[in-house]
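So that the names make sense, note that chain A is the first sequence line, chain B the second, and so on, each numbered from 1. In what follows, every heavy atom counts, from backbone to side chain, and hydrogens, waters and symmetry copies are set aside.
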Protein chains: 2
Amino acid sequence: MPRSKKANISARKQPRQARSSQLVADILEAAVRVLVRNGAHGFTTARVAEAAGVSVGSLYQYFPNKEAILFRLQANEWGQTLGELRRILGDPATAPPERLRVALQTFFRSECEEAAFRSALEDAAPLYREAPESRAHVEEGRQLMRSFMKEALPGASAKQRAFAADLVGLVMSSVGKAVSSQGRPGAEVDAIAAAIGEMLGGYLRGLTHSSRDRANRSAAS
Amino acid sequence: MPRSKKANISARKQPRQARSSQLVADILEAAVRVLVRNGAHGFTTARVAEAAGVSVGSLYQYFPNKEAILFRLQANEWGQTLGELRRILGDPATAPPERLRVALQTFFRSECEEAAFRSALEDAAPLYREAPESRAHVEEGRQLMRSFMKEALPGASAKQRAFAADLVGLVMSSVGKAVSSQGRPGAEVDAIAAAIGEMLGGYLRGLTHSSRDRANRSAAS
DNA sequence: TCAGAATACGATTAAAGATTCGCATTCCAC
DNA sequence: GTGGAATGCGAATCTTTAATCGTATTCTGA
């Protein structure tokens, strides 16, 4: 790493002409292939450029550094996932426990389908994880889960809801990562998702009951 | 990496004299410090040697390559953890659900206490994870959990037990990693461990009941 | 005390890889 | 068409780092 001064992960010129937008798209596609084939360790700018049929110089026109490419891949992935989860968890036509079940199944399936890519991206996480933009993604997910809890645990205190949201988020994401890193076959992943769903559902049900009991007790006294 | 031919991760000369054993010990201690201070990325043989007050050449007398040092750290850590878990999960004087609860609390606490070290070691995992010796550790843990399930789910089929064991192991290890990577404070970790314990306990209880029901039903017919 | 084994050293080698920079080419607004 | 902007190029630069090897030092058993 010569002459490096910690350039911002996202700042650099935007493509204006059609050919350059295409070039950026080519780079991102190639980056996925390189990551899958060569792993996080073998992910080099030279290889990405070559796989994209582009020169390194061109690559650096639109990405300030290697991390920026990885961050971009991760951001795209996360945007997609977050969108799906938002749709599922926010659907008022479905009962909250069912929403959670569907969200888990969808999430685990998508983690598993692109297992090689996801787990390589995860291996590379130390390179982009510290960027504030990346931390913001975590916060987005947390907010989503917290607002879901308002519907799933209407009787609970804000503190309880926050803890439950963090806990469910923690379990989802960490088990999801583990699933992708093991690249398990489809049927088993559904079984895992179902079991985790049962666990989380049971846990939330327990919270609902205990807060209802507490409410009843205080109403009676 | 010049002239490298994928040397075995553990093979190299053993220390015979006192000074060389001390040297190896110094290197391992220093390696922990370097890993914590500089992270997986800044973990270089030169830095480790310097922190240990030793020359690189000496380091390479006892470790075939950088990975071997990391593997050794991970192996030591895992040996310790596995020992504790074996003791807790195998204690016949305690009811299985209680054993699981204690195991979780102990495991999560230890993950959290050395959070910086554990999570840096985890970041470096891509470097040593592929070694067969490392894969063997996973298998050890799996075996432990399976034999625990013989006591926790006596009525269940072997297949059910195997799935339950893998699932519980998956949740424990993945959530454990997440906990260490977030470096949460003590009290919250206990709350998380308790909640996960509740979930897993509830899940296992569900399995017990359904297999008991099934046994009852088939006895009645 | 002495020979040979073990240990320690660290400058040196060999690469690999990130990023730059000057120049060539293409595009677009006028 | 033309001038400047945008784009594209890739050899060259500059670091970092893993790993070695010839030499110096220390130990140990006889």
Beyond-backbone contact of B:L100 with B:L204, side-chain heavy atoms, under 4.5 angstrom: yes
Could you pick out which residue, B:G53 or A:T45, lies toward the 5' side of DNA chain C when each is mapped onto its nearest nucleotide? B:G53
Round to the nearest Å and state the distance from B:K66 atom NZ to D:dT20 atom C1'. 17 Å
Run the salt bridge (Lys or Arg N to Asp or Glu O under 4.0 Å) test against B:E151 and tell me which residues pass, sequence neighbours left out. B:R99
Ignoring backbone atoms, establish whether B:Y60 has a side-chain N or O less than 4.0 Å from OP1 or OP2 of D:dT20. no
Listed pairs under 3.5 Å, donor-acceptor, residues 86-94 of chain A side chains, sequence neighbours left out:
unit_1	atom_1	unit_2	atom_2	d
A:D91	OD1	A:A93	N	3.0
A:D91	OD2	A:T94	OG1	2.7

With sequence neighbours excluded, what pairs up with B:Q14 under the side chain to side chain donor-acceptor pair (under 3.5 Å) test? none
Length of the line joining B:F43:CZ and D:dA19:P, which is rounded to integer Å: 12 Å
Measure from NE2 on B:H41 to P on C:dG17 and round the result to the nearest Å. 13 Å
Short N-O contact, B:E77 and B:R118, less than 4.0 angstrom: yes
Can you sort out the partners of B:E188 under salt bridge (Lys or Arg N to Asp or Glu O under 4.0 Å), two or more places apart, ordered by chain and number? B:R184
Kindly write out the residues that satisfy salt bridge (Lys or Arg N to Asp or Glu O under 4.0 Å) with B:R47, not counting sequence neighbours, or none if the list is empty. none
Sub-3.5 Å pairs of nitrogen or oxygen atoms, protein against nucleotides 10-12 of chain C:
unit_1	atom_1	unit_2	atom_2	d
C:dG10	N7	B:S55	OG	3.3
C:dG10	N7	B:G57	N	3.2

Contact list please: residues 26-40 of chain A against DNA chain C, heavy atoms, distance less than 4.0 Å, in numerical order. none
Residues at least two apart in sequence or cross-chain that pass side chain to side chain donor-acceptor pair (under 3.5 Å) with B:S58, listed by chain then number, are B:S55
With sequence neighbours left out, the residues meeting salt bridge (Lys or Arg N to Asp or Glu O under 4.0 Å) with B:K66 are none
Protein-nucleotide distance (A:Q22, atom CD; C:dT26, atom C1'), rounded to Å: 16 Å
Hits for side chain to side chain donor-acceptor pair (under 3.5 Å) against B:R19, two or more places apart or cross-chain, chain-then-number order -> B:Q17
Roughly, in whole Å, what's the span from CG in A:L59 to P in C:dT20? 12 Å
So, using side chain to side chain donor-acceptor pair (under 3.5 Å) as the criterion, who are the partners of B:E98 when residues are at least two apart? B:R101
Each nucleotide N or O in nucleotides 1-7 of chain D that has a protein N or O under 3.5 Å away: list the pair and distance.
unit_1	atom_1	unit_2	atom_2	d
D:dT7	OP1	A:R16	N	2.7
D:dT7	OP1	A:Q17	N	2.9
D:dT7	OP1	A:S20	OG	2.8
D:dT7	O5'	A:Y62	OH	3.2
D:dT7	O4'	A:R19	NH2	3.2

In whole angstroms, the gap separating C1' of D:dA18 from CD of B:E50 amounts to 16 Å
